[in-house]
Amino acid sequence: MKYKRSERLVFMTQYLVSHPNELIPLTYFVDQFNQAKSSISEDIRIIKHVFEDDGIGTIRTTAGAGGGITYHPEISTERAKEIVENFKEILETNNRLLPGGYLYMSDIMGNPSLMNDIGELIATMYKDEEIDAVVTIATKGISLANAVARKLNAPVAIIRKDNKVTEGSTVSVNYVSGSTRKIETMVLSKRTLKEGSSVLVVDDFLRAGGSISGVMNLMEEFSAKIVGVSVLVEAKEVANRKFKDYTSLLKVSNIDEYNQSFVVEEGNCIQYIESNN
């Protein structure tokens, strides 16, 4: 079957978007459409131009016998600001405060459209890092980790607080919870993460940072390199946080449980994107 160029462009665009950060041999499209390599190369140039002009991402070409093209999702700073502002408006809705100053975020974590947008934003921040896995803590961080991992084309490693027989052999560490000051345990299956992996840690909410510090300790047991830590929301008014190098979409402060009020402001994610462009 002979395809028109417009039909090829639609197919190729859909395929690239569905296979981010994956090296695709040019011969795949040559064989798919029974076209000369020069025609497919011109199609790629058209898609590359549109992607970069519209802030969809970048397409990089690798030369040589084992070469091909790779689509890297990447949003513009303007689009990132839109996502953060939309997230801010959702978070500012009433009746989110829970006892202890926690925020109700289950509806946010269960919003697939918002998670997709945030996944693109976080993937953009760490687009230049070699990431072997996205690490998170069960259970609230799972949907966020999956959204980010989908854009990075990386597996998800889920840390749990109890050992399950279905996980096989595990590695565990004890840590002090930043909020309760209690000693807790986190475990990760040995099969989930390869020794020496480069990982991106994501979570929904950051207060004192005890859980993230526990994750860092656990990653040491796997000789893993943490290339970044990113959270959706951080509590602004927390002193003596154990680590400083992380990104956040939003910050909350002036939490008043009695009046059900708090202040939301932009985190450092936009600055991070601007400084790395």
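Everything numeric here is computed off the predicted structure, so don't read it as measured data.
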> Whether Glu266 and Lys88 form a salt bridge (side-chain N of Lys/Arg under 4.0 Å from carboxylate O of Asp/Glu) is what I want to check.
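No salt bridge links Lys88 with Glu266.
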> Taking all heavy atoms of Thr58 and all of Glu74, pick out the closest pair and write down the distance.
CG2-OE1, 3.5 Å
> Looking at residues at least two apart in the chain, or sitting in another chain, which of them share a side chain to side chain donor-acceptor pair (under 3.5 Å) with Asn163?
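Here the qualifying residues are Thr170.
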> Can you tell me how far OG of Ser41 sits from CZ of Phe29, rounded to the nearest 0.5 angstrom?
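Going from the CZ atom of Phe29 to the OG atom of Ser41 covers 11.5 Å.
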> Please name the pair of heavy atoms, one in Leu218 and one in Val187, separated by the smallest distance, quoted to 0.1 Å.
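Minimum heavy-atom separation between Leu218 and Val187: CD2-C, 4.3 Å.
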> Hey, would you say the Tyr71 and Phe51 ring centroids sit under 6.0 Å apart?
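Judged by ring-centre distance (under 6.0 Å), Tyr71 and Phe51 do meet the cut-off.
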> In plain terms, say whether Lys81 and Glu78 are close enough for a salt bridge, that is, a side-chain N and a carboxylate O under 4.0 Å apart.
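Salt bridge: no.
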> Find the distance between NZ (Lys127) and CD1 (Ile75) and round it off to the nearest 0.5 Å.
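If we round to the nearest 0.5 Å, Lys127:NZ and Ile75:CD1 are 10.5 Å apart.
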> Looking at Glu82, I want to see if its CD is surrounded by more than 12 non-hydrogen atoms of other residues, nucleotides or ligands under 6.0 Å.
yes
> How far does OG1 of Thr139 sit from CD1 of Ile142, to the nearest 0.5 angstrom?
6.0 Å
> Between Leu91 and Ile108, does a side-chain contact (heavy atoms from CB on, under 4.5 Å) hold up when you go through it step by step?
CA-CA 8 Å; Leu91 193 68; Ile108 291 172; 3.8 Å; yes
> For Met12, which of Val17, Ile44, Ile24 qualifies under side chain to side chain contact (heavy atoms under 4.5 Å, CB included)?
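Going through Val17, Ile44, Ile24 one by one, the side chain to side chain contact (heavy atoms under 4.5 Å, CB included) with Met12 is satisfied by Ile44 alone.
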> Apply the test side-chain contact (heavy atoms from CB on, under 4.5 Å) to residues Ile159 and Thr136: give CA-CA distance (whole Å), side-chain angles for both, the deciding distance (0.1 Å), then the verdict.
CA-CA 6 Å; Ile159 296 172; Thr136 194; over 6 Å; no
> So, for Leu103 and Val233, which heavy atoms are closest and what is the spacing to 0.1 Å?
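In terms of heavy atoms, the two residues are closest at CD1-CG1, 4.3 Å.
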> Check the side chains of Glu234 and Tyr246 for a donor-acceptor pair under 3.5 angstrom, ignoring hydrogens and angles.
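Result is yes, a qualifying pair exists.
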> Charged N to carboxylate O below 4.0 Å: is that the case for Lys140 and Asp203?
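Answer for the salt bridge query: no.
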> Tell me, with the steps shown, if Tyr28 and Tyr15 meet ring pair (Phe, Tyr, Trp, His ring centres under 6.0 Å).
CA-CA 11 Å; Tyr28 173 81; Tyr15 191 89; 4.8 Å; yes
> Would you kindly say whether Gln14 and Ser18 are connected by a side-chain donor-acceptor distance under 3.5 Å?
yes
> Hey, does the Lys NZ or Arg CZ of Arg207 hover above the aromatic six-ring of Tyr102, less than 6.0 Å from the centre and inside 45° of the axis?
yes
> Between Lys151 and Asp117, does any NZ, NE, NH1 or NH2 come within less than 4.0 Å of an OD or OE carboxylate oxygen?
no
> Using 0.5 Å steps for rounding, measure from the CD1 atom of Ile212 to the CG atom of Asn217.
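Going from the CD1 atom of Ile212 to the CG atom of Asn217 covers 11.5 Å.
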> Could you tell me whether Glu167 and Lys190 make a salt bridge, using a distance below 4.0 angstrom between a side-chain N and a carboxylate O?
no
> Is it the case that the side chains of Ser198 and Glu130 hold a donor-acceptor pair, with the cut-off being a distance below 3.5 Å and no angle test?
no
> If you count heavy atoms of other groups shown closer than 6.0 angstrom to NE2 of His19, is the number above 12?
yes
> Compute the ring centroids of Tyr272 and Tyr126, then answer whether they are less than 6.0 Å apart.
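Under 6.0 Å, so yes.
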> Check Ala224 against Val199 and note the closest heavy-atom contact, atom names and distance.
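Looking at all heavy atoms of both residues, the closest pair is CB-CG1, 4.4 Å.
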> Please find the pair of heavy atoms, one from Ala154 and one from Ile131, that lie closest to each other, and give the distance.
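Residues Ala154 and Ile131, closest heavy atoms: CB-O, 4.1 Å.
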> State whether Arg45 and Glu42 are salt-bridged, where the test is any N-O pair (Lys NZ or Arg NE/NH1/NH2 against Asp/Glu carboxylate O) under 4.0 Å.
yes
> With no hydrogens and no angle check, do the side chains of His72 and Asn21 hold a donor and an acceptor under 3.5 Å apart?
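Looking only at side-chain atoms, Asn21 and His72 do form a donor-acceptor pair, the distance falling under 3.5 Å.
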> Decide yes or no on side-chain contact (heavy atoms from CB on, under 4.5 Å) for Leu232 and Phe87, but give the supporting numbers first.
CA-CA 9 Å; Leu232 291 186; Phe87 181 28; 4.1 Å; yes
> Can you establish whether the number of heavy atoms outside Asp54 located under 6.0 Å from its atom CG is more than 12?
yes
> About how many Å separate CD1 of Ile137 and CE of Met186, when rounded to the nearest 0.5 Å?
4.5 Å
> Taking the basic N atoms (NZ, or NE/NH1/NH2) and the acidic carboxylate oxygens, is any pair closer than 4.0 Å for Asp43 and Arg5?
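Looking at Arg5 together with Asp43, the answer is yes, because their closest N to O distance falls below 4.0 Å.
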> Could you walk me through whether Val84 and Leu250 pass side-chain contact (heavy atoms from CB on, under 4.5 Å), step by step?
CA-CA 8 Å; Val84 172; Leu250 296 175; 3.8 Å; yes
